[in-house]
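Read the numbers this way: they start at 1 and go in the same order the structure lists the ligands and their atoms. We use all heavy atoms of the structure for the numbers below, so side chains are in, but hydrogens, waters and symmetry mates are not.
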Amino acid sequence: MLEQLKDLHTQALDELNKVNNPRELELWRVRHLGKKSSLTKILRSLAALPLEERRKGGAQANEIKRALESSLEEKEKLLQEALLTSPLESQRLDITLPGRPLPAGRLHPTTQILKEICDVFKNMGFQVIEGPDVEWDYYNFEALNIPQHHPARDMFATLWIDAGMGEKARLLRTHTSPMQIRLMERERPPIRAIVPGRAYRYEATDATHESMFYQVEGLAVDKGITLADLKGTLFDFCRCIFGEEREVRFRCDYFPFVEPGVEVAIGCSACDGAGCRLCGYSGWIEILGAGMVHPDVLARVDIDPKLYSGFAFGLGVERIPMLRYGIDDIRLFYSNDLRFLRQF
Ligand code: DAH
């Protein structure tokens, strides 16, 4: 019987080694430790044996039973651990592998320069405001001293939404100047604001003309504002953007909504004034129009021109990176050629 018990023990351990999951383990338990197992049968049969054999056999059988029980427990623990670690093993991350490169995005050159322009004016105490691209005839023209049939309308080839409807017609704003009126309608002086935004013109495009482009409008209204304030502000701006060295030209121009009107041009950086395609062979690039807000414009928004005065300016945004980087075609900005855009 002792022999039989030994065999039983080895066989049970052999089988236990092959057990791979909890279900198999349970079957093993029933087979080797259950009520119908050989071991249980042997234990039951002991009663019929003579005392000496019963004692020996009983001790041996019980020892084997305990050994099997503790092997079972151990195996159970092992299986439990495996259950936890095996998914971790199979899904192990190799954190030393190089990552998948994320293509780095970048800001559009126009966005970059707009931010730079806004920062310069913010530092001078201007607030930054935006307005609608779809505008009324009234704000785009009428309120800016450009009534119906005024020849100055020819300065702005207009994209109409409702053509021929007078003041009530909608259009795509041809400049950011209508925001001067909107601003003065809802705020009282002192006003100091800039308005970055898109403008649209119905134009055959070429190297210096696009049908959509950006402007930054500026407006300052208060008591005692003079042309000297305008000049100081704009020269300061030019120095911030183009550096101390670059030449700035300041001279008369005409815009219906200012009196006097001026324009600012910068010495062409592409040819250093010698003349090239970028500057239209003049050596200068006009970057903005400006002037003292016309008294009639102030009166129209109920600001008394006898008490208050103001200056305004409208800046062509793309002109600045064109000058700075010697870009000789404005159409490059919005034709989405990544080879161009990635350079900035
Ligand atoms: N709005 C004008 C244009 O698009 C530029 C301009 C000129 C704006 C004079 C102004 C100004 O504010 O005072 O051509």
Geometric class of the H175/F156 ring pair [parallel <30°, tilted 30-60°, perpendicular >60°]
tilted
Is the F344 ring parallel, tilted or perpendicular to the F340 ring (thresholds 30°, 60°)?
perpendicular
Between L79 and V19, is there a side-chain heavy-atom distance shorter than 4.5 Å?
yes
Does even one non-hydrogen atom of S177 get within less than 4.0 Å of ligand 1?
yes
Nearest protein heavy atom to atom 14 (O) of ligand 1, by residue and atom, and its distance?
R201 NH2, 3.8 Å
So for atom CD, which belongs to Q127, do other residues, nucleotides or ligands contribute more than 12 heavy atoms lying within a distance under 6.0 Å?
yes
Please tell me whether Q180 and E185 have a donor and an acceptor in their side chains that are separated by less than 3.5 angstrom.
no
Under 4.0 Å from a heavy atom of Q215: which atoms of ligand 1 are those, numbered in the order shown and with their elements?
3 (C), 4 (O)
Against ligand 1, does F311 come closer than 4.0 Å with any heavy atom?
no
CA sep, side-chain torsions, deciding dist, call: E318, Y334, side chain to side chain donor-acceptor pair (under 3.5 Å):
CA-CA 11 Å; E318 292 82 0; Y334 308 114; 2.5 Å; yes
List the closest protein heavy-atom neighbour of atom 2 (C) of ligand 1: residue, atom name, distance to the nearest 0.1 Å.
H175 ND1, 3.9 Å
Quick test: of every protein heavy atom, which one is nearest to atom 6 (C) of ligand 1, and how far off is it to 0.1 Å?
G289 O, 3.8 Å
So for E263, does at least one of its heavy atoms come nearer than 4.0 angstrom to any atom of ligand 1?
no
With heavy atoms of F255 as the reference, note each atom of ligand 1 found under 4.0 Å away.
7 (C), 9 (C)
Starting from the C-alpha separation in whole Å, work towards a yes-or-no answer on side chain to side chain donor-acceptor pair (under 3.5 Å) for E217 and S177.
CA-CA 6 Å; E217 194 75 13; S177 302; 2.8 Å; yes
Would you say that F250 contacts F235 through its side chain, given a criterion of any heavy-atom pair below 4.5 Å between the two side chains?
yes
Any non-hydrogen atom of M155 lying under 4.0 Å from ligand 1?
no
Do ligand 1 and T174 have nitrogen or oxygen atoms that lie under 3.5 Å from each other?
no
How close does the nearest protein non-hydrogen atom get to atom 12 (O) of ligand 1, and which residue and atom is it?
E217 OE2, 2.6 Å
Near V258, which atoms of ligand 1 are under 4.0 Å from a heavy atom of that residue?
13 (O)
How far is atom 11 (C) of ligand 1 from its nearest protein heavy atom, and which residue and atom is that?
F257 CE1, 3.5 Å
If you scan protein heavy atoms around atom 8 (C) of ligand 1, the nearest is G314 N, 3.3 Å
Is there a side-chain contact between L341 and R106, using heavy atoms and a 4.5 Å cut-off?
no
Just which atoms of ligand 1 are under 4.0 Å from any heavy atom in G291?
13 (O)
Is there a polar contact between ligand 1 and A312, counting only N or O atoms under 3.5 Å apart?
yes
pair P256-L144: side-chain heavy atoms closer than 4.5 Å:
no
Please check whether F313 reaches ligand 1 - meaning an N/O of the residue sits under 3.5 Å from an N/O of the ligand, judged on distance alone.
yes
Taking the inter-plane angle between the rings of F126 and F121 on a 0 to 90° scale, is it parallel (under 30°), tilted (30 to 60°) or perpendicular (over 60°)?
perpendicular
